[in-house]
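All remarks here apply to the structure that follows.
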Number of protein chains: 2
Amino acid sequence: MDRRQEILEAATKSFSLFGFKATTMEQIAKIANVGKGTIYTFFENKEVLFQEIVLRVITEMKQEATKVINEEASFQENAYAALMKMLEFRDTHQLFAKIIAEEQEWRTPAVIQVRAQIEQAIVSFIKQKVDKYINAGEIRQVNSELVAYLLLKGYLAFVNDWNLTHEKPLTEKEITDFFQDTIFHSLII
Amino acid sequence: MDRRQEILEAATKSFSLFGFKATTMEQIAKIANVGKGTIYTFFENKEVLFQEIVLRVITEMKQEATKVINEEASFQENAYAALMKMLEFRDTHQLFAKIIAEEQEWRTPAVIQVRAQIEQAIVSFIKQKVDKYINAGEIRQVNSELVAYLLLKGYLAFVNDWNLTHEKPLTEKEITDFFQDTIFHSLII
DNA sequence: AGATGACCGAATCGGTTTTCTGGTCATTTT
DNA sequence: AAAATGACCAGAAAACCGATTCGGTCATCT
């Protein structure tokens, strides 16, 4: 297998498991079975390597979300399906959860910036989908950016914050049904 | 003016400005023009003083919200008015924002506990109002606790988080109109 | 020509010393 | 005598500093 790929996989594993800061280049090199210097022939520095990985994960999530959307189906059905799909990925979100946690602990620019980048990417993806349905006349004319922002923040609140003050985590179905019942419901004409 | 009141005001000022940890009892005493020991004749310790203040702010906010609710008016009108009123208090929220920020920096039990307490108080207040309207048959039968939670988290997201990644803060009207348009809209029958 | 790991300096860790601060209480004030 | 006070104490936090780690480079090796 080509070395670039080996490095990417090793780094993904390590970043997801230990976070940005606690992952060392030496460790990545060891897992990837390459010399440390080799990493630098493919990636400018640790930060760039990290960004590349985050970009890949986001891209994968977008693809998964897009895959689940059916042009024939209604907005409500598609929104429900997409949200369910994202919730299936709760584990993949481990990487993002790690980053968010890290952002508050170590205020390193690399992490703060990547966090903002992830947020921006997700929001603009959702916004674009919402706009499509607005233009198709299937949902009401709302501020799509605010809707996207609320969806993301609401999602994170229920998936992550909720558990801090509540015994039992919410199930995927509870969360999705609730969104269906409130935000999605408010959008349809 | 009575000493207890002086102390409360001095402490409120100081906690709001500097947070729990960075506020010293000596500082409070100086602002209140009393000896440090005097504080302890009124409040068991720093933590109790802090809780008393938080309780007062929450109580005041509840009163303000309640005052603005008109029994004659519709849910939609009242929700709008109450949210607007809360947004008028953005500055008073400084204290809460400080606490939330502090919670992540210093994991001191006093702060974590008070944060959870505030959240719980606000959510149950909103939940109660929502339930009232559900029972009155004015809004749909939704999970009122989740609605309350979403309203709180959404509110905080737009008032606080939004500014971290956006140049211009949202205006009170933008936020309220948006909530009106989405969450509140979804609730009416 | 591509890969490597010894090497460098900057950042971080950890342990030690110093300073600060919550809470007490003997003394002073009213 | 009752209330207020601030010097005092113990423990917690900050400041300091030498030891260690780690990102990134580059002379050497394959």
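In the text below, chain A, chain B and the rest are named by the order of the sequence lines, each starting its count at 1.
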Using side-chain heavy atoms (C-beta onward) and a distance below 4.5 Å, is [X] in contact with [Y]?
| X | Y | result |
| --- | --- | --- |
| B/Trp162 | A/Leu146 | yes |
| B/Leu151 | B/Phe184 | yes |
| A/Phe125 | A/Met61 | no |
| B/Glu119 | B/Lys153 | yes |

Given atom [atom1] of [X] and atom [atom2] of [N], what is their separation to the nearest angstrom?
| X | N | atom1 | atom2 | value |
| --- | --- | --- | --- | --- |
| A/Glu47 | C/dA11 | CD | C1' | 16 Å |
| B/Phe43 | D/dA4 | CZ | P | 13 Å |
| B/Arg4 | D/dA4 | CZ | C1' | 17 Å |
| A/Lys46 | D/dT21 | NZ | P | 15 Å |
| B/Ile39 | C/dC25 | CD1 | C1' | 16 Å |
| B/Ile7 | D/dA3 | CD1 | P | 14 Å |
| B/Asp2 | D/dA3 | CG | P | 14 Å |

What residues in residues 26-37 of chain B put a non-hydrogen atom under 4.0 Å from any atom of DNA chain D?
-> B/Val34, B/Gly35, B/Lys36, B/Gly37

State the CD1-CD distance between B/Ile118 and B/Gln51, to the nearest 0.5 angstrom.
-> 10.0 Å

Quick check for you: among [options], whose closest atom lies nearest to any side-chain atom of [X]?
| X | options | value |
| --- | --- | --- |
| A/Asn45 | C/dA3, D/dG24, D/dT5 | D/dG24 |
| B/Met25 | D/dC22, D/dT5, C/dG22 | C/dG22 |
| B/Thr41 | D/dA4, D/dA13, C/dC13 | D/dA4 |
| B/Tyr40 | D/dG24, C/dG23, C/dA3 | C/dG23 |

Respond yes when some side-chain nitrogen or oxygen of A/Thr38 is under 4.0 Å from OP1 or OP2 of C/dT4, and no when none is.
-> yes

If you look only at pairs with a residue in residues 24-46 of chain B, which of them pass as a ring-ring contact (aromatic ring centres under 6.0 Å, His included), with sequence neighbours excluded?
-> none

First encountered from the 5' end of DNA chain D, between B/Phe42 and B/Lys21 | B/Phe42

Salt bridge (Lys or Arg N to Asp or Glu O under 4.0 Å) filter on B/Lys85, not counting sequence neighbours, yields B/Glu64, B/Glu88

